[in-house]
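Encoded as structure tokens, the structure appears first; notes follow it.
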There are 2 protein chains.
Amino acid sequence: MNIGEIAKRAGVSRSTVSYALSGKRTVSDNTRQKIQRVIDELGYRPNASARALANGRTSTIGLVFPPAGDHYTGMQLDFIGSVVEAAATHDYDVLLSPSGVDSDRSFQRLLGERRVDGAILMEIRLEDDRVDHLAALGFPCVAIGRTAHPENGWWVGLDHTALAAACVRHLADLGHRTIAFVNRPETLLRTGYESARRGLEGFTKAAAERGLTVRTYCCGDDAASGQACLEQILHDEPATTALVTLNEAALGGIYRGLAQADRHVPRDFSVTGVVAGRWAETVTPQLTAADVPAEEMGRRAVELLMERLDRPDATPRHHLLVPPISLRASTGPAGLPGKAEVPASAPFPQS
Amino acid sequence: MNIGEIAKRAGVSRSTVSYALSGKRTVSDNTRQKIQRVIDELGYRPNASARALANGRTSTIGLVFPPAGDHYTGMQLDFIGSVVEAAATHDYDVLLSPSGVDSDRSFQRLLGERRVDGAILMEIRLEDDRVDHLAALGFPCVAIGRTAHPENGWWVGLDHTALAAACVRHLADLGHRTIAFVNRPETLLRTGYESARRGLEGFTKAAAERGLTVRTYCCGDDAASGQACLEQILHDEPATTALVTLNEAALGGIYRGLAQADRHVPRDFSVTGVVAGRWAETVTPQLTAADVPAEEMGRRAVELLMERLDRPDATPRHHLLVPPISLRASTGPAGLPGKAEVPASAPFPQS
DNA sequence: TTGAAAGCGTTACCAA
DNA sequence: TTGGTAACGCTTTCAA
């Protein structure tokens, strides 16, 4: 079943069928109807490969994200979902590529073989060879995340520096003086993963400004690591009364560790961080956090990419988002060291 | 940059380049090296659309799953991840299609336009028009899930009936007499979503066999709904001492509701169900559950599909998995109604 | 061991 | 308003 067959049965030429379908040339009502009847009857749909070959567009975008070492985090997965849905509203399909670096086979296939019209890159590193490569090629892409040199790029990012800093200030305002930072796994930090780096930077700077005592930790992306990390924190500095985390997968473990150490949240210990909203709400008490607007970010990335595909010479655009901290139930005034309880409404003690 | 250019620079014909690349015809070492040099130098990769058009294979598989109403559950997302990674090991890319029914635009594109060589279907309904349609077409596909008539199909499924029943028996063995079932949302149950239907069936049947008192509930896929559902359960029947759930997204809310009702898990109340392992481990106490082996299921589905693509006339194969219940910390012996505590080692009371 | 040429199913240009 | 035809970039058959 191909366009020639349709043309024959409708008694017209192939080009007329093509134009009737695309609308790029006027076709008389009469013939259009004739053609449509045949198409409906035979359930014809033009072959995507042939079309892509002829007009150079695949109507597909690539979504590039690193292979999960062990598993994907909820946030990563939220991005995937939102990108797919946003693309669908533009009648684009999404081709997934589990590629962390430039040299991955899948990445090469996607771009080298022209399987996609454009790409969305996730899990950006501050120095990211995928971004550099694509930029050098002039290949249409939008990053979810921001490299160290984002000036002329297309991206939608989160201001992790500001977000982590806001968390610190929130804790400092509540009177906490000794706090910890629970980051993503060390390999991610070392490879320059953006949120891990910028989050750490924001945390460190804000804590210094407020003169807080801090310790920073890396933590595996799972509950067991979270629990172990918390135990380490209390072991290293029992006076710690609060922490900031970027690691939503560890969150359940952190809470568990706190419970086992008999630190009640938020009475004895405050927890906050940067986490997708729906994950923040699954823990008890619900996490006060800067909610990562994954859905919005995915949607915006797609919109940016569509714009770029429509006008290849458009000037680079981007969105830097700074979602506010959602006050939920996991933070409270710092208790006096040694005292068990402080009424929630009491002015916090200054040491 | 195309094959003709490579041929010209290497001083051979296009067919020779093609054969050098595919290995489908012997090429002298000498010319092969000449060709390879040019290819490396220019970074040439054959165009995927042209190749697909010429040989009828796209080297892409479609992954079909319903659009998230509100968001995706962790399990859905685990499937996506595992399918993508498994496909990558076979050098296949994955095209995502958010399609719940046959008539979705995206589904039509995928199949009608021959964008993919085969498909993997997720979120199967007992009567699923996508499965029927594909089967009628003889289109290579593998379902993750099992319809009401799975005899001649290709699929990898979970025995939800047996799993839910095992949960019930586990609770009954611990002495629980009044238990509840927390299912997925009502719309899913009504539309015949497999795990919701078979899970409910298994629960009901096993409970009847053991003469238990039961109530069944549907519950939204989020923490707030879980909490509300639990309150309803205790309101409807305060004597309830345990529940079985398929709804991992509601789990956090269920725990929260239990805590607020002052029911300690597992001392006063036992919770179990069918949930992906890593989610079971994020809650405290960790959930005793039949762990959904999402990674294995995704991998097996891809393997089955590869097999089917290789041998189009192979006889249908499938895997029905029945993972054991992982004993963790959320279930314990039923307490006597009105009594607060029962030593874990005590024989459970028979009423 | 290699080359020439005919597809694969569209699109879009050039004529009419 | 329409038809004929040359691309698009590859694979594969047929010949040499």
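Convention: sequence-line order gives letters A, B, ...; per-chain numbering from 1.
Across all strands shown, B:Ser15 has heavy atoms under 4.0 Å from base atoms, whether or not it also approaches the sugar-phosphate. Residue A:Thr31 is in sugar-phosphate contact alone, with no base atom involved, counting any heavy-atom pair closer than 4.0 Å across all strands shown. The residue B:Ser18 sits close to a base: some heavy atom pair falls under 4.0 Å.
Rounded to 10°, the helix from C:dT1-D:dA16 to C:dA16-D:dT1 has 40° between the axis fitted to its first five pairs and the one fitted to its last five.
We find that A:Arg37 and A:Glu41 are not joined by a salt bridge, their nearest charged nitrogen and carboxylate oxygen being 4.0 Å or further apart. A salt bridge does not link B:Asp104 with B:Arg130: every distance from a Lys NZ or Arg NE/NH1/NH2 to an Asp or Glu carboxylate oxygen is 4.0 Å or more.
A residue-by-residue look at A:Lys24 and B:Arg25 shows that B:Arg25 has its nearest nucleotide of DNA chain C further toward the 5' end. In this structure, B:Leu53 and B:Tyr19 both approach DNA chain D, and ranking their closest nucleotides by distance from the 5' end singles out B:Leu53. Heavy-atom distances to DNA chain C give each of A:Ala54 and B:Ser13 a nearest nucleotide, and the one nearer the 5′ end belongs to B:Ser13.
Counting 5' to 3', DNA chain D first comes under 4.0 angstrom of a heavy atom of chain B and last does so at the ends given by D:dG9 to D:dC14. You can see that DNA chain C meets the heavy atoms of chain B within a 4.0 Å-exclusive cut from C:dT1 to C:dG9, reading 5' to 3'.
The side-chain heavy atoms of A:Leu63 and A:Ile80, taken from C-beta on, include a pair separated by under 4.5 Å. The shortest distance between side-chain heavy atoms of A:Glu194 and A:Thr147 does not fall below 4.5 Å.
Atom OH of B:Tyr92 and atom CG of B:Leu309 lie 5.0 Å apart (nearest 0.5 Å). Taking CZ from A:Phe107 and CG from A:Leu121, the interatomic distance works out to 6.0 Å, rounded to the nearest 0.5 Å. Here A:Asp132 contributes atom CG and A:Leu137 contributes atom CG; the two are 11.5 Å apart, rounded to the nearest 0.5 Å. Atom CH2 in B:Trp154 sits 6.5 Å away from atom CZ in B:Arg317 (nearest 0.5 Å).
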For A:Glu127 and A:Arg125, what are the C-alpha separation, side-chain angles and deciding distance, and is it a salt bridge (charged side-chain N to carboxylate O under 4.0 Å, His left out)? CA-CA 5 Å; A:Glu127 307 292 337; A:Arg125 284 168 279 119; over 6 Å; no
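The 12-atom threshold is exceeded at CZ of A:Arg308, counting heavy atoms of other residues, nucleotides or ligands nearer than 6.0 Å. The local environment of CZ in B:Arg105 is sparse, with at most 12 non-hydrogen atoms from other residues, nucleotides or ligands closer than 6.0 Å.
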